[in-house]
Number of protein chains: 2
Amino acid sequence: MASSDQPADPQCLVVDIHTHMYPPPYINLLKSRTTVPYIRAFADDPAGLRLVILPGEDSPANPSTSRGRPVGPEYWDVAQKIAFMDRHHIRTSVLSLANPWLDFVDDEAAAVEMAVRVNDWFEETCARYAGRLYAFAVLPMKAGVAAIQAEIQRLKGLQWIRGVVMGTTGRGDGLDDPGFLRVWQTLAETSTITFLHPHYGLPSDLYGLQNANYGHVLPLALGFPLETTIAITRMILAGVFSDLPDLKVLIAHSGGALPFLAGRIQSCIEHDSHLKKAGHKPINILEILSRNIYLDAVIYSDIGLRTATQAVPQGRVLFGTDHPFFPPLEGESKWPSVQTNVDAILKGLETSDAHRVLGTNAIELLNLTT
Amino acid sequence: MASSDQPADPQCLVVDIHTHMYPPPYINLLKSRTTVPYIRAFADDPAGLRLVILPGEDSPANPSTSRGRPVGPEYWDVAQKIAFMDRHHIRTSVLSLANPWLDFVDDEAAAVEMAVRVNDWFEETCARYAGRLYAFAVLPMKAGVAAIQAEIQRLKGLQWIRGVVMGTTGRGDGLDDPGFLRVWQTLAETSTITFLHPHYGLPSDLYGLQNANYGHVLPLALGFPLETTIAITRMILAGVFSDLPDLKVLIAHSGGALPFLAGRIQSCIEHDSHLKKAGHKPINILEILSRNIYLDAVIYSDIGLRTATQAVPQGRVLFGTDHPFFPPLEGESKWPSVQTNVDAILKGLETSDAHRVLGTNAIELLNLTT
């Protein structure tokens, strides 16, 4: 185990598979809007653009979140992404559109058009930085299933796309919606890995009267991973992974809480009298974890990181940064949010395993040429 | 590491700190009610009493949960508790009233009277089985703070009480309610350990359209631990543990998801610009975990169990069964839900550590004479 104060081992290629951008056409879409999600400035700081994306984030009832977060070129300028990568010794990044993707674009034609524009922007941008950038593409989730399937098929012709990024609501009724199974089928048939990422969190009344003092802590620290855990468990219960043994899902934030709670979920399934009476097909979460699930390493502790690496087979946990979210508050050039995850990997694992998580796993899984 | 097929090591005293009862006066209270929580029979099975306790559990929209669960003497007959203990080689149990405790008893006098009746029943019952039974007491949560404090003080005179059991809503506004801090103060001053247990879960619309097919899986497997995680994180953010460094909280179900998510919570706190601007007192979750937090071992996997034991200092993880919930569906005499947790401990830890979790830790922490 090594200290993160040392320069990164030159033998270790670092790959970041959890790193976001908003391409310019998407930024313009957010700037054109006046309801969440949107980008705007406020009268007392006309030059300071703010990104407000989370459900209910702009509620006047919660002044501690209502102006969202600063947004600048780190979200849309690829040169800043490369500079960030260089600063953190990241050889290659697999970019993804940040939440809420195209979930809010209800018009079918507009959703399809923006998906193509965003995905083509990622394709062209990655081509300009060959070996340093790849991307997960976005899908027009509120278009019809056929339109979603068509975009999945089109992506197979794009050289730098390595999968798709997706939120937890699917077309609106969740990832366990029987009507969504055809999308999962197409993803499985085309060997397209899905990067599952939260956005919607939990209802803010769960956070209590004092939440207005807590800033973004509860929606981000808990809302995000707990939302993810519910979404993937619903997929498990619906039998999506039983129907599609080849489906590959890469879960953000080390799986929400799935690696820790998998045993409890399994036990509750086995002890549920309704499922038994209904003749529910047996579910084996250990098998699903070993066959279908990949996890990023964005968990911010060596304890959590070890749990993640124990929950899935070797080779299935992949380093990520969540850039450009969680920027340094003290102006540090090396981002503490990134270093925390690097440290967790180096402290939590033997060196060879750490190097796999930091880069080799992603290179092999996503067939990257670095 | 040993196999659970062997008889328990005679050198290992097993103590169960997560095991519930509904004393007869409380059963009568539930039988007298027609809204959740209640006990009733249905016309097609007039002899079969059913326990319906969870919020919204009896909604006709979810026939897979609407009749709750069977309830019989395993909930109120101490002889059945002892028989269960003998069957699983459990030397000593620390009983607690099951959820929802007295949270729904809004009348102050009624809440205080029932708290005294329940706690005195536990005291007398434990005295009859000296060395085999202890108990966590219940508090009249909807009575005034003074009434709650008075009961905490009264408990110090009861020989077999080893702490209190509590849900996540406190007096209604949560455990981070500033008005509740005086209760935490009294618990800390009297060195009364609090067994924090979920009940309320999450709003059922988070579980999707197919939830009606999923039985109790989502509310129990996820709703419970996620509720717990939110409640304890709110306490952390409110500074309860900073104000009361001596406060001891034993968290059900191995802490919800706290052991896995602690790093993310810490990182989100450190990266929150509102908390920084507001001059929020620094929060060190590792310190809180090492000083204030105890976890049961009810996590149903060796991976989760190891995570729990790594998150808190040695001596702070304690075996539990959750009896009489999660009974065998196939009529097994040894309960699989119990064996899964025993196996997780034996598989996840070295033998000496496993024995500590199975019994010694509880004996030392709760000062039990077995």
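Protein chains get the first letters and strands the later ones, always in sequence-line order, with residue 1 at the start of each.
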Subject >> Sidechain-backbone polar pair: B:Thr233 side chain, B:Thr229 backbone, donor-acceptor under 3.5 Å >> reply: yes

Subject >> Backbone of A:His199 reached by a side-chain donor or acceptor of A:Asn99 within 3.5 Å >> reply: no

Subject >> Flag for A:Arg306-B:Gln310: side-chain donor and acceptor within less than 3.5 Å >> reply: yes

Subject >> Point-to-point distance, once rounded to the nearest 0.5 Å, from CG of A:Leu226 to CG of B:Leu226 >> reply: 4.5 Å

**OP:** Determine the option with the most heavy-atom pairs under 4.5 angstrom with chain A, choosing from B:Gly215, B:Ser301, B:Pro203.
**Re:** B:Gly215

Original post:
By number, which residues in residues 254-261 of chain A have some heavy atom less than 4.5 Å away from chain B?
Top reply: A:Ser254, A:Gly256, A:Ala257, A:Pro259, A:Phe260, A:Leu261

Subject >> Which atom of A:Met235 lies closest to which atom of A:Asp176, heavy atoms considered >> reply: N-CB, 4.3 Å

Original post:
Do the side-chain N and O atoms of A:Asp103 and A:Tyr200 include a donor-acceptor pair separated by under 3.5 angstrom?
Top reply: yes

Original post:
At a heavy-atom separation under 4.5 Å, does B:Leu275 approach chain A through its side chain, its backbone, both, or neither?
Top reply: side chain

**OP:** Run the numbers on B:Tyr214 and A:Asp272 for side-chain hydrogen bond (donor to acceptor under 3.5 Å, both in side chains), then give the verdict.
**Re:** CA-CA 9 Å; B:Tyr214 297 155; A:Asp272 194 85; over 6 Å; no

**OP:** Ignoring hydrogens and angles, tell me if any N or O in the side chain of A:Arg264 forms a donor-acceptor pair with the backbone of B:Gly304 under 3.5 Å.
**Re:** no

Original post:
Hey, does A:Asp296 have a side-chain heavy atom less than 4.5 Å from the side chain of A:Phe319?
Top reply: no

Original post:
With a 4.5 Å limit on heavy-atom distance, are the side chains of A:His88 and A:Lys334 in contact?
Top reply: yes

Under 3.5 Å, side-chain donor or acceptor atoms of residues 168-175 of chain A against the rest of the protein: list the pairs with distances, not counting sequence neighbours.
from     : atom 1 : to       : atom 2 : distance (Å)
A:Thr168 : OG1    : A:Glu227 : OE2    : 2.6

**OP:** Between chain A and each of B:Ile299, B:Ile269, B:Leu286, count heavy-atom pairs under 4.5 Å; write down the option with the most.
**Re:** B:Ile299

Original post:
So which of A:Asn211, A:Leu218, A:Thr340 has the largest heavy-atom pair count under 4.5 angstrom toward chain B?
Top reply: A:Leu218

**OP:** Ignoring hydrogens and angles, tell me if any N or O in the side chain of B:Arg316 forms a donor-acceptor pair with the backbone of B:Ser290 under 3.5 Å.
**Re:** yes

**OP:** Check the angle between the aromatic planes of B:Trp335 and B:Phe84 and answer parallel, tilted or perpendicular using the 30° and 60° thresholds.
**Re:** perpendicular

**OP:** Report the distance from atom CD1 of A:Ile288 to atom CD1 of A:Ile232, rounding to the nearest 0.5 Å.
**Re:** 8.5 Å

**OP:** Report yes if the distance between the aromatic ring centroids of A:His280 and A:His274 is under 6.0 Å, otherwise no.
**Re:** no

Subject >> Heavy-atom pair of closest approach, residues A:Gln314 and A:Asp353 >> reply: NE2-OD1, 2.9 Å

Original post:
So, for B:Val317 and B:Val312, which heavy atoms are closest and what is the spacing to 0.1 Å?
Top reply: CG2-CG2, 3.6 Å

Subject >> For chain B, which residues of residues 51-71 of chain A have heavy atoms nearer than 4.5 angstrom >> reply: A:Ser64

Subject >> Contacting region of A:Ser337 [heavy-atom separation from chain B under 4.5 Å] >> reply: both

Subject >> Region of A:Ile265 that comes under 4.5 Å of a non-hydrogen atom in chain B >> reply: both

Subject >> Which portion of B:Thr307 sits near chain A, non-hydrogen atoms under 4.5 angstrom >> reply: both

Subject >> Those residues of residues 324-333 of chain A, ordered by number, that approach chain B below 4.5 Å (heavy atom to heavy atom) >> reply: A:Phe326, A:Pro327, A:Leu329, A:Glu330

Original post:
What option among B:His216, B:His253, B:Lys277 has the most heavy-atom pairs under 4.5 Å with chain A?
Top reply: B:His253

Original post:
Hey, which of A:Asp302, A:Val298, A:Asn341, A:Asn213 has the most heavy atom pairs under 4.5 Å with chain B?
Top reply: A:Asn213

Original post:
Which of the residues B:Ala262, B:Ala238, B:Ala231, B:Gly223 is involved in the greatest number of heavy-atom pairs with chain A at under 4.5 angstrom?
Top reply: B:Ala238

Original post:
Mind checking whether B:His197 and B:His18 have parallel, tilted or perpendicular rings, split at 30° and 60°?
Top reply: perpendicular

